[in-house]
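FYI, the numbering just counts along the sequence from 1.
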Amino acid sequence: MAIKFTVYRGSKDGIKQVETERDDLKRDEVLVRTTHSGVCGTDVHYQSVDMSLGHEGTGVVEATGPDAKILKKGDRVGWGYEHDCCGFCKQCLTGWETLCKERKMYGLADLDQGSFGSHAVWREAFLFKIPDNMSNEDAGPLMCGGSTVFNALHVAQVRSTARVGIVGVGGLGHLAIQFAAKMGCQVVVFSGTDSKKEEATKLGAGEFYAIKGVKELKIKAPLDHLIVTTSSQPDWPLYLNVMSPGGIISPLSVDSNDLKIPYMPLLLNGLRIQGGIVGSRQVHRDMLEFASFHNIKPVKMTFPLTLDGVKESLKTLEDGKMRYRGVLVAP
């Protein structure tokens, strides 16, 4: 028996509400009724592409396939950017399935469904139980935004004694501030102006620097780590001058331009540039447990999970007016 549900799909003519259909549940597939979805910058990039939108979903399990072993009807779950992997390659077997050559990622696979919709069908293996003390609304933005910044901290092996610089106080940056602060790090925030200083301080920033028009940064002490969360690449020479020898730079900006960075400071100071995307499944679980224990929540604006609500949320994000993560709420 086919499963039918509503999705909000991108196109060259704008976002449309359409009906999609999936075969009856097989193997470890799970039918999830979507209650909330975070709104990410990647959704803006894909809104003109012929595909279903959204990848920060949370909801309630309505049915499970014959091979599902953990989840049951009524469980609250979420999902993120990755939907599947081969399970047998070196990357999959060592906990790096997000780098699997056969990975199924948002925008590249399962184009008939997303988190902007009434339901979705995903493998149980790529769904995450939401902690009891965390709401579906708060969990949504953690499924990609939270997973991405937590993974950057994890891969760079950030220690509690580190000075962590965070460029940008937005959808990713405001979560990175909270995670790094709760890890015990000295958090140093860089933003265009002082307009977000008070809020960044409340989230855990110990230092804040407005950089608009600044030619040289002068901070209290060098940075061991730098996490770049802005929508485009920053002025790299500005930041290389405040990095500690052996420091690690984690660029998270989605930018189609080439990385152009001064070579000699990188070479002479032994700096590392560490690429990364969302966390693997175990890192993602660790992120949810950490956020649950430390009560880390997104600062969010809510919109109805309707055609008009989807359009309004993406426009708000495009216009730079989102503070700081949009969340779509099912009627």
Side-chain angles (χ1 to χ4, degrees), residues 6-11 14-18 32-49 51-59 77-83 105-107 110-111 113-120 122 128 130 134-150 168-176 178 196 199 229-232 252-255 277-278 284 287-288 291 296-331:
T6 300
V7 296
Y8 298 100
R9 195 174 180 94
S11 78
I15 300 169
K16 300 177 180 179
Q17 177 178 322
V18 300
V32 181
R33 173 175 55 82
T34 305
T35 61
H36 299 80
S37 174
V39 182
C40 178
T42 315
D43 301 321
V44 173
H45 296 313
Y46 283 127
Q47 63 181 322
S48 298
V49 180
M51 57 172 276
S52 300
L53 300 172
H55 61 280
E56 290 187 333
T58 58
V77 295
W79 71 90
Y81 216 82
E82 187 175 26
H83 310 149
M105 293 284 201
Y106 176 61
D110 299 310
L111 303 182
Q113 61 174 358
S115 60
F116 293 4
S118 64
H119 295 74
W122 305 112
F128 303 94
I130 296 173
M134 184 183 293
S135 70
N136 284 16
E137 185 174 300
D138 286 331
L142 298 181
M143 295 298 153
C144 174
S147 182
T148 299
V149 297
F150 191 87
V169 186
L172 293 179
H174 91 284
L175 292 171
Q178 294 182 74
K196 299 177 181 178
E199 198 155 20
T229 71
T230 46
S231 58
S232 59
L252 302 180
S253 305
V254 177
D255 191 328
I277 47 176
V278 294
H284 193 110
M287 177 273 300
L288 288 173
I296 292 173
K297 297 180 179 180
V299 176
K300 57 192 182 292
M301 296 171 63
T302 58
F303 306 83
L305 184 46
T306 61
L307 181 59
D308 288 342
V310 168
K311 291 180 178 179
E312 183 186 359
S313 67
L314 292 177
K315 188 176 187 308
T316 302
L317 187 54
E318 276 188 293
D319 292 344
K321 297 179 179 178
M322 192 74 79
R323 288 247 182 155
Y324 289 108
R325 204 71 170 179
V327 179
L328 295 162
V329 183

Would you please name every residue forming a side-chain contact (heavy atoms from CB on, under 4.5 Å) with [X], sequence neighbours left out?
X: S115; answer: S37, W79
X: K315; answer: D319
X: S231; answer: none
X: I15; answer: Y8, Q47, L53, L307, V310, K311, L314

What heavy-atom pair brings [X] and [Y] nearest, and what distance separates the two atoms?
X: S313; Y: M322; value: O-CE, 3.3 Å
X: T229; Y: S253; value: C-OG, 4.3 Å
X: A330; Y: T34; value: CB-O, 3.6 Å
X: G140; Y: E56; value: O-CB, 3.2 Å
X: R9; Y: S52; value: NH1-OG, 3.4 Å

In the structure I gave you, are the side-chain heavy atoms of [X] and [Y] within less than 4.5 Å of one another anywhere?
X: I130; Y: L288; result: no
X: T316; Y: F303; result: yes
X: F150; Y: L142; result: no
X: C40; Y: R325; result: yes
X: T6; Y: Q17; result: yes
X: V169; Y: R323; result: no
X: L305; Y: V329; result: no
X: E82; Y: I277; result: no

Legend entry - salt bridge (charged side-chain N to carboxylate O under 4.0 Å, His left out) involving K300 - partner list, sequence neighbours excluded: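 In terms of salt bridge (charged side-chain N to carboxylate O under 4.0 Å, His left out), with neighbours along the sequence ignored, K300 is linked to E137, D138.
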Legend entry - Residue list, salt bridge (charged side-chain N to carboxylate O under 4.0 Å, His left out) with E312, at least two apart or on another chain: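 For E312, no residue satisfies salt bridge (charged side-chain N to carboxylate O under 4.0 Å, His left out) once neighbours in sequence are set aside.
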Name all residues meeting the ring-ring contact (aromatic ring centres under 6.0 Å, His included) criterion together with [X]; count only those two or more places apart in sequence or in a different chain, and write none if there are none.
X: Y81; result: H55, Y106
X: Y324; result: H174
X: H119; result: none

Legend entry - CZ-NE2 distance between F128 and H284, expressed to the nearest 0.5 angstrom: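 One gets 4.5 Å once the value is rounded to the nearest 0.5 Å.
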Applying side-chain hydrogen bond (donor to acceptor under 3.5 Å, both in side chains), name anything that partners [X], two or more places apart in sequence or on another chain.
X: T35; result: N136
X: T42; result: none
X: R33; result: E62

Inset, instruction - Return yes if some donor-acceptor pair links the side-chain N/O of T148 with the main-chain N/O of C144 below 3.5 Å, else return no. - result: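 A pair under 3.5 Å: yes.
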